[in-house]
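Taking it in order: structure first as structure tokens, then the write-up.
These numbers come from the heavy atoms of this one structure, side chains and all, not from hydrogens, waters or symmetry mates.
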Amino acid sequence: MWTVRAVRIGDLDRLESLIRSATRGLTTLQLKHDQILDRIEQSVFAFTRTGQSIKDEPYVLVLADDETGELVGTSTIYAKTGGFQPFYSYRVVTREHHSEMLGVSHRRTSLELKRVHDGLTEIGSLFLRGTHRNQGRGRWLSLARFTLMAARRSRFSNRVIAEMRGKAEADGRVPFWESVTGRFIPVEFAVADAMSTVAKDFIEDMMPEHPIYLDLLPVDVREKIAAVHDETKPALALLQSQGFSSTDEVDIFDAGPVLNCDTDSIRAVQSTLRRAVTDIVQGEIRSEARPSVIIATLKDGFTSVRGEVSDDSLVLTSTQADVLGVEIGSECFVTPLS
């Protein structure tokens, strides 16, 4: 059975194999073996600790075939940005300038480096193998993060952000990096991209304090600021449908937009309900017009399956009940997938 669940230590090799297949530009997946292990260990601790306060820790989810152990997708919630190191972004600022002598006015837009030391919750690191897309699994993998937020609301801030992947050329080149940030950090995009997931000291050391004026950039680069990569458009549309909207911030490496939403206003968080299991049956459940939902418990930190539910009952198959670790009367968290 397919599940979206909390990552486990035993997933290390399979998760490493999965993220090695991710395309260049997925910043938070550019990790080495030891870094992947560190993230898994941090996530396992986050899921198992008993305190309810918000900590600077990742909650890593995986889409797994529980029978074979195969992992085909992953996504993460970063409970708080800007913990030990700041969260960096460019703020897009527009100001009006006027000269009485010349009789002209001009709107001048610039990028100003922003640092946040005690930041918001961030969602990211969403990746699904291409062979498993267009089957509703990517939506499940994404929305399960909001089911987790609803189930453990105190662990996350009152606002959630999402950095979307910025525009890149077909050959992998990133125009914004080449024209702006790469001029101050003279290494390849992939090198800086990967290093930023581990330590960000080099950003503070190398980036200029003064604003970057867009008028000095080529038109084609300006047009790509706050635009998303073609592969990211489905994820953007999903988040917008959940209530996320654009901010005045962009990523400092590829100028992808930063979205945000009040946590309690996210549609999947709002619509997640606590439901008691009313029946457990053998074999498949055959019914008409039951909406597809995520059914989750906090077994092993977090475990979810896809199922169906009616208005007044929550009926599970025996297989689903075993995976979720529930019996009749047990409480589950139910989130609509549509």
Would you mind checking if Asp264 and Arg153 are paired as a salt bridge, meaning a charged N to carboxylate O distance below 4.0 Å? yes
Whether over 12 other heavy atoms sit under 6.0 Å from Glu327 CD: no
Listing request: all ring pair (Phe, Tyr, Trp, His ring centres under 6.0 Å) pairs with a residue in residues 198-218, at least two apart in sequence or in separate chains. none
By the ring pair (Phe, Tyr, Trp, His ring centres under 6.0 Å) test, which pairs, at least two apart or in different chains, include something from residues 31-65? Phe47-Tyr59, Tyr59-Phe156
Co-membership, hydrophobic cluster, residues Val269 and Leu273, 4.5 Å side-chain: no
Check against side chain to side chain donor-acceptor pair (under 3.5 Å), Thr303 and Thr297: CA-CA 6 Å; Thr303 302; Thr297 65; 4.9 Å; no
Looking at Val258, Leu259, Leu236, which one forms a side chain to side chain contact (heavy atoms under 4.5 Å, CB included) with Ser246? Leu259
Trp2 ring centre to Arg137 NZ or CZ under 6.0 Å, with the angle to the axis within 45°? yes
In one Ile/Leu/Val/Met/Phe/Trp/Tyr side-chain cluster, 4.5 Å: Leu217, Ile252: yes
Note: Lys114-Glu209 ion pair, threshold 4.0 Å (strictly below): no
Co-membership, hydrophobic cluster, residues Met207 and Leu111, 4.5 Å side-chain: yes
Single-linkage hydrophobic cluster Met164~Leu238, side-chain heavy atoms < 4.5 angstrom: yes
Would you call Lys80 and Glu122 a salt bridge, using N to O less than 4.0 angstrom? no
In terms of side-chain geometry, is the basic nitrogen of Arg20 or Glu16 positioned less than 4.0 Å from the acidic oxygen of its partner? yes
Evaluate Asp66 against Thr3 for side chain to side chain donor-acceptor pair (under 3.5 Å), listing each step before the verdict. CA-CA 7 Å; Asp66 266 16; Thr3 65; 3.2 Å; yes
Can you tell me if Tyr90 and Thr181 form a side-chain donor-acceptor pair at under 3.5 Å? no
I'd like to know if Asp251 and Arg165 make a salt bridge, using a cut-off of under 4.0 Å between side-chain N and carboxylate O. no
With no hydrogens and no angle check, is any side-chain donor or acceptor of Thr81 less than 3.5 Å from a backbone partner on Leu120? yes
Charged N-O contact under 4.0 Å between Glu331 and Arg274: yes
Hey, are Glu204 and Arg115 close enough for a salt bridge, meaning a charged N less than 4.0 Å from a carboxylate O? yes
Looking at Lys32 and Asp38, is any side-chain nitrogen of the basic one under 4.0 Å from a carboxylate oxygen of the acidic one? no
Can you list the steps and then say if Ile161 with Thr121 is a side chain to side chain contact (heavy atoms under 4.5 Å, CB included)? CA-CA 6 Å; Ile161 62 171; Thr121 293; over 6 Å; no
Show your reasoning for whether side chain to side chain donor-acceptor pair (under 3.5 Å) applies to Asp215 and His106. CA-CA 11 Å; Asp215 287 340; His106 178 60; 2.9 Å; yes
Side chain to side chain contact (heavy atoms under 4.5 Å, CB included) partner of Thr278, chosen from Val309, Leu316, Val315, Ile328: Val315
